[in-house]
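Read the structure below first, then the notes.
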Amino acid sequence: MITAGIDGIDRSYHLPPLGHNPSSTLAGTTPGSFARPPVILPGVEGARTFASPDTPGMPGVSDKTAWDFLPDGWSVTMMSRGMPTELAQPSTEQAVILFEQADGTAVQVTYPKVFQPITQLESARLGIITAQMRRVSEREPHLTAAQVRDEVAAGRMVIPANTVHLGHQLDPMAIGRSTKTKINANMGASPVSSSTDEEVEKLKWAERWGADTVMDLSTGGDLDACRDALLRNSSVPIGTVPIYSMIIGRKIEDLTLELILQTLEHQAKQGVDYFTIHAGVLREHLPYVRKRLIGIVSRGGSLLAKWMLVHGKQNPMYDHWEEICDVMRQYDVTFSIGDGLRPGGLADATDRAQLAELVTLGELTERAWRKGVQVMVEGPGHVPFDQIEYNMKLQRQLCHGAPFYVLGPLVTDIFPGYDHITSCIGATAAGYHGASMLCYVTPKEHLGLPKKDDVKQGCIAYKIAAHAADVALGIPASRDRDDELTKARAALNWEKHFELSFDPDTARAYHDEDLDVDTDFCAMCGHDWCSVRISKEIQEFSSGKEDEFQWDRAKVSAALTSDQQEILEKRGVLSPDEIHKLASKTKKAVGAVESKASCHSDYVDDSSAKEIQERELTLVEITTP
């Protein structure tokens, strides 16, 4: 209980239970995260690691993990802390291995003697810490390599790393709720737009702006060449929706098992790291779609629905799931089990069709784990804000904690052209309530194929969502960069401020648009009204006084780069002549500019700004009665 108020009246209040502080130095005065305290443990005990508190009525966690879905001929015994001195005696056809988990408990696994692990999941089940797991631990320093192995073994983490792609430029990463929230960028040529070269350029652009994985959704042009080019040039995992390639040049009705397996093996040999397979759309689900406002919006889902209606048979992806698993296992391709009945509008969200498919996705997850294949599950795209937590936690329960990969979700349908904003609002909530990876939405969503700048806008919107979720969940050190930028802002150290920002060019360009002098205020408030400057001058406040963020005097900022010029040109606020002056300025040129920013009642020219900053700051003492 915290007591507050100075009028003698009881105005006490309570903070909720606290999770982990996202600052590695406990910086500032915030109490920390309001998420659940993290428990990074193997098995069911770790199912709520970095999780939001459950609103009453929300689904709980599953009492099972991937350990409960082993292949035939396998068995596992979980032991208490400490390694036993004797192993169980297996039959002549079986082997046994004993290893210690990250929490000190022991696991004994019995398996066929002829078995050789291929996938990350299979290695984890045998206690092996792979090179890819070690790399994940380096990139996620709050997790040890043993904890990464344990999360993979539990099925709560995937490392999409095709054995072929590892021979190119792939830098292994992980997707799971114990890791930082990841984002995916979609791209791909269509029959009417783009080319292979343009898609490779967009790939590098997406990597620059923080995409953790990229999906090639090409439906036109030379699909094979485009996919190969992306795989050879990417440092991030590449995913595909193989059914697109299966029907190029033919009707969906002509799809056969032979063609399905042939296409999957070809793409796996190329190095694709994860496949979206829409195996959860069943004949039994189709009647639930009849009264939807917008039917089936998934391309894969709609194609397979048509196949089932034409042939009067069950979804071939569902019927032949084990054969598909066998192909994927040979190259350690991860499943991204597709949500073919995801809602395409708020009016169809969380309906019977969507949830019936989700139940099937849980079944498919279990079947894939029995085949040793890594699994993540795809989730809905249009969901009212109030239903997001339920959707995330129902998937966590039905799919036993397998990573959830969601598109958005969009929380309103009336903002075409701005759907990167409407969806990243939903994506933030999704990440906080359990999603492990967020598929970006660009301003072109529902309207056309994204161009280069659309990719940037989508990536940034989703980096905001993912980062906000990480801070809220209390992922260790996730707020450190925010705190450093806050210190730079408090010290009015503009150069450091921009350096720490996610997009320094845009931040610098917007600043210089109004005031191209780095001084102890900005054009929003001007000198006399700058609360940050005033706080810095108050001696008792620590605000803005850290030594490493101090700077000497005002200075004219450097000339704008070509990227910064382009940013201002697109804004359409300054004239070409004004942008040219910012781009070609010297001290002399800037001095020739007739006027500078007028900030409320405060008019400041360059020389005045310099004078203000060159004078020593006057510290104001707080006197208390």
Side-chain angles (χ1 to χ4, degrees), residues 19 22 33-35 50-52 140 173-187 205-215 236 336 339 342-343 346 349 376-393 395-396 403-413 415 417-446 450 453-475 477-482 485 501-503 506-507:
S33 167
F34 287 172
F50 300 119
S52 65
E140 308 271 354
M173 51 80 74
I175 301 164
R177 194 50 284 164
S178 61
T179 71
K180 289 173 285 191
T181 308
K182 304 305 190 297
I183 73 164
N184 171 73
N186 288 339
M187 53 194 58
W205 192 239
E207 289 180 341
R208 173 180 172 182
W209 293 110
D212 297 292
T213 77
V214 166
M215 289 202 75
V236 301
S336 182
D339 55 336
R342 66 176 180 269
L346 301 186
M376 58 181 170
V377 175
E378 294 187 12
H382 294 248
V383 179
F385 193 88
D386 58 297
Q387 296 179 17
I388 292 174
E389 181 182 2
Y390 177 80
N391 274 265
M392 300 304 109
K393 291 180 177 175
Q395 184 276 344
R396 180 182 66 182
F404 206 14
Y405 165 32
V406 301
L407 176 69
L410 283 76
V411 294
T412 180
D413 293 329
F415 292 92
Y418 301 93
D419 280 340
H420 60 309
I421 299 173
T422 61
S423 64
C424 84
I425 293 169
T428 305
Y432 181 59
H433 290 305
S436 300
M437 185 159 76
L438 311 173
C439 182
Y440 86 171
V441 172
T442 76
K444 288 288 285 292
E445 186 74 13
H446 304 109
D453 189 62
D454 301 316
V455 170
K456 175 184 175 182
Q457 297 303 321
C459 283
I460 288 179
Y462 273 68
K463 290 301 284 188
I464 293 170
H467 182 62
D470 289 346
V471 171
L473 288 169
I475 302 287
S478 59
R479 209 189 68 220
D480 285 0
R481 184 169 166 183
D482 301 75
L485 192 146
S501 67
F502 186 77
D503 181 4
T506 296

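Keep in mind that the numbers below use all heavy atoms, side chains included, and drop hydrogens, waters and symmetry copies. Bear in mind the structure is a predicted one, so any value in this text is a computation, not a measurement.
Looking only at distances, a side-chain donor or acceptor of Lys182 sits under 3.5 Å from a matching main-chain atom of Lys180. Formation of a donor-acceptor pair under 3.5 Å by the Ser423 side chain with backbone atoms of Pro409 is not found in this model.
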- Item | Candidate pair Met173 and Thr213, rule side chain to side chain contact (heavy atoms under 4.5 Å, CB included), full reasoning | CA-CA 9 Å; Met173 51 80 74; Thr213 77; 3.8 Å; yes

- Please step through side chain to side chain contact (heavy atoms under 4.5 Å, CB included) for the pair Val406 and Met392, ending with a clear verdict. CA-CA 9 Å; Val406 301; Met392 300 304 109; 4.0 Å; yes

- Message: Run Lys456 and Thr506 through side chain to side chain contact (heavy atoms under 4.5 Å, CB included) and show every step you take.
- Response: CA-CA 12 Å; Lys456 175 184 175 182; Thr506 296; 3.8 Å; yes

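Expressed to the nearest 0.5 Å, how far CZ of Arg208 lies from SG of Cys459 amounts to 11.5 Å. Taken from CG in Asp339 to CZ in Phe404, the straight-line distance is 7.0 Å, to the nearest 0.5 Å. Distance CH2/Trp205 to CE/Met187: 12.0 Å, rounded to 0.5 Å. Here OG of Ser501 is found 6.5 Å from CG of Leu485. Values are rounded to the nearest 0.5 Å. Distance check: Ile425 CD1 to Phe385 CZ gives 8.0 Å after rounding to the nearest 0.5 Å. Distance check, rounded to the nearest 0.5 Å: CG of Leu407 to CG of Asn184 gives 9.5 Å.
The minimum heavy-atom distance linking Cys424 with Ala465 is given by the pair O-CB, 3.6 Å. Pairing each heavy atom of Pro22 with each of Asp480, the nearest pair is O-OD1, 3.9 Å. Summarising the geometry of Trp209 relative to Lys463, their closest heavy-atom pair is O-CG, 3.7 Å, with the distance given to 0.1 Å. Here the closest non-hydrogen pair linking Val236 and Asp212 is CB-O, 3.3 Å.
The list of side chain to side chain donor-acceptor pair (under 3.5 Å) pairs with a residue in residues 425-437, not counting sequence neighbours, reads Ser52-His433. Judged as a salt bridge (charged side-chain N to carboxylate O under 4.0 Å, His left out), the pairs with a partner in residues 464-475 (not counting sequence neighbours) are, in order, Arg177-Asp470.
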Scan the side chains in residues 437-446 for donor-acceptor partners under 3.5 Å anywhere in the protein, sequence neighbours excluded, and list what turns up.
residue : atom : partner : partner atom : Å
Tyr440  : OH   : Asn186  : O            : 2.7
Thr442  : OG1  : Lys444  : N            : 3.1
Lys444  : NZ   : Leu449  : O            : 2.8
His446  : ND1  : Asp419  : OD2          : 2.8
His446  : NE2  : His382  : NE2          : 3.4

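Counting heavy atoms of neighbouring residues, nucleotides and ligands inside a 6.0 Å radius, atom OH of Tyr418 does not exceed 12 of them.
The side chain to side chain contact (heavy atoms under 4.5 Å, CB included) test with Val383 is passed by exactly one of Asn391, Leu346, Leu410: Asn391.
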